[in-house]
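Every number for a ligand or one of its atoms is a count from 1 in the order of the listing. Note that these values count all heavy atoms, side chains included, but never hydrogens, waters or copies made by symmetry.
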Amino acid sequence: MALGRLVRSAALIPGLLGQGKKAGTSTIRCLHQTLAMAKQLQSRRLNGIDKNPWVEYTQLAAEYDVVNLGQGFPDFAPPDFAVEAFQRAISEDFMLNQYTKAFGYPPLTKILAHFFGKLLGQDMDPQSNVLVTVGAYGALFYTFQALVDEGDEVIIIEPFFDCYEPMTLMAGGRPVFVSLKPSPVQDGEVTSSSHWQLDPVELASKFTPRTKALVLNTPHNPLGKVFSRSELELVASLCQKHDTICISDEVYQWLVFDSCEHVSIASLPGMWERTVTIGSAGKTFSATGWKVGWALGPDRLLKHVRTVHLNSIYHCPTQAQVAVARSFEREMQHFGQPSSYFSSFPQTVQHNRDHMIHSLQSVGLRPIKSQGSYFMVVDISDFKKKMPDLPGAPDEAFDRRFVKWLMKNKGLAAIPVSVFASSSHQKEFDHLIRFCFVKKESTLKAMDERLLKWREETRA
Ligand code: PMP
Ligand code: GLN
């Protein structure tokens with residue numbers, strides 16, 4: 001506004017624009033350039049979403065000497081069969097350096113249709129019910145772009161994997177949050193992620209005629225909650241009643257512990273037709289850098305997801321898809337047997353989880369036992385009472401200040417749970433931090449050493 005006035009005033013100043021053609025033109029050009037720079041550069045879709053927790057906390061973890069239990073990735077090798085599959089894909093056939101089919105390397109879409117067809121109880125067609133994407137991130141992004149329209153409401157269960165909110169906003173949608181809340185437990189009882197539940201009445205109240213989609217994530221990042229069949233039935237009945245699409249992020253589906261069962265919501269009656277199920281080879285085969293993911297669903301939804309793919313990425317790296325196809329083929333042969341990675345891996349990870357619960361309790365942290373995923377959330381309310389004045393910006397949530405203190409003073413990196421909340425609900429979650437336990441034995445030992453030192457400092 002002020003610059004607009006400036007240009008108009010400049011035009012009126014005698015001599016300024018009239019001292020010869022050259023000077024006048026360059027002055028106007030200069031004023032117009034300044035005016036153009038005053039326009040917002042980025043599209044409005046990006047307003048308010050420029051901060052990213054992974055960039056911030058990965059950077060912080062690199063600055064300090066920490067045992068990194070923050071960002072979720074395994075720090076050990078993928079299974080031998082997967083590594084060998086990738087090596088063969090690189091060396092065996094030079095044509096695998098070239099494009100493959102746009103919707104996915106055919107043996108991969110075929111095995112995914114076969115494998116998930118059995119799990120979801122659907123006769124799946126590799127071409128119309130499967131799309132290979134660049135990681136689960138790619139599948140999520142396409143799905144939001146394809147199915148959420150300007151002004152549509154999207155129900156997001158809080159806390160939530162952080163990208164759901166910006167992806168809704170980038171599609172022009174309006175996020176509507178509903179939070180998981182912990183139910184009361186007996187004194188001294190180790191709380192479990194299963195104690196975090198949706199209030200059915202509150203959930204029902206979030207649906208309106210503008211509700212286009214609900215995002216579900218089970219096993220859940222960050223809580224480690226595995227939604228029970230009856231919880232999913234509630235979500236399913238509301239989606240059907242209000243004609244809502246379900247975007248179901250199941251990247252940790254193989255990582256469920258104790259006697260928990262992972263249920264895909266698309267396998268419930270009436271849900272296949274309205275669900276896009278999203279998965280990740282990175283999580284499935286402990287190879288997060290491969291960035292192969294997929295979207296599964298009925299053609300009526302997937303055809304629009306494919307349209308976004310065709311007009312943006314078009315094609316995913318061939319060799320990584322070959323490695324994933326062969327790894328699934330191997331798993332198919334071993335499915336249900338102890339030799340299956342899908343059976344042995346959760347057992348190893350459950351052992352790590354139990355190790356971590358025991359270790360963290362030794363310094364007064366209160367772990368919430370995870371039922372699944374890579375993660376466990378820890379209650380730091382006692383520290384919030386004891387150390388309310390931790391350094392940090394005045395409006396910085398306590399969990400963020402605590403994580404920075406933990407990195408700097410105790411050499412342990414975690415992720416504050418308020419990063420998984422909308423800005424107005426961060427206070428509800430600022431007594432929680434998240435640890436990743438998909439780490440090798442030596443990392444857990446290094447964690448133990450830091451915790452032992454912490455305990456000794458507390459006693460001194
Ligand atoms: N969904 C959830 C819940 C996640 O934790 C992640 C992080 N890996 C993703 C999606 C993205 O997965 P990918 O690395 O396959 O893109
Ligand atoms: N999904 C992983 C996590 O939650 C990593 C996310 C990321 O690095 N963008 O830690």
Subset of ligand 2 atoms that lie under 4.0 Å from at least one heavy atom of [X]:
| X | result |
| --- | --- |
| Tyr137 | 6 (C), 7 (C), 9 (N) |
| Tyr252 | 1 (N) |
| Phe161 | 1 (N), 4 (O) |

Under 3.5 Å, is there a donor-acceptor pair between the [X] and [Y] side chains?
| X | Y | value |
| --- | --- | --- |
| Lys181 | Ser179 | yes |
| Asn221 | Ser373 | no |
| Asp258 | Gln350 | yes |
| Ser192 | Ser194 | yes |

Looking only at N/O atoms, are [X] and ligand 1 under 3.5 Å apart anywhere?
| X | value |
| --- | --- |
| Thr288 | no |
| Ala136 | yes |
| Tyr164 | no |

Yes or no: does [X] have any heavy atom under 4.0 Å from an atom of ligand 2?
| X | result |
| --- | --- |
| Tyr57 | no |
| Tyr374 | no |
| Phe375 | yes |

Quick one: are the ring centres of [X] and [Y] less than 6.0 Å apart?
| X | Y | result |
| --- | --- | --- |
| Phe328 | Trp294 | yes |
| Phe177 | Phe160 | yes |
| Phe285 | Trp290 | no |

Answer yes or no for [X]: is there a heavy-atom contact with ligand 1 below 4.0 Å?
| X | result |
| --- | --- |
| Phe73 | no |
| Val251 | yes |
| His220 | no |

Identity and separation of the nearest protein heavy atom to [atom]:
| atom | result |
| --- | --- |
| atom 7 (C) of ligand 2 | Trp54 CG, 3.4 Å |
| atom 3 (C) of ligand 1 | Asp249 OD2, 3.3 Å |
| atom 8 (N) of ligand 1 | Lys283 NZ, 1.9 Å |

Can you tell me which residue among Gln127, His304, Arg306 is in a side-chain hydrogen bond (donor to acceptor under 3.5 Å, both in side chains) with Asp299?
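The option that passes is Arg306.
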Could you tell me whether Gly70 and ligand 2 have an N or O pair separated by under 3.5 Å?
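Looking only at distances, the answer is no, because the N/O contact criterion of under 3.5 Å is not met.
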Do Asp65 and Arg450 meet the salt-bridge criterion of a basic N to acidic O distance under 4.0 Å?
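So Arg450 pairs with Asp65 through a salt bridge.
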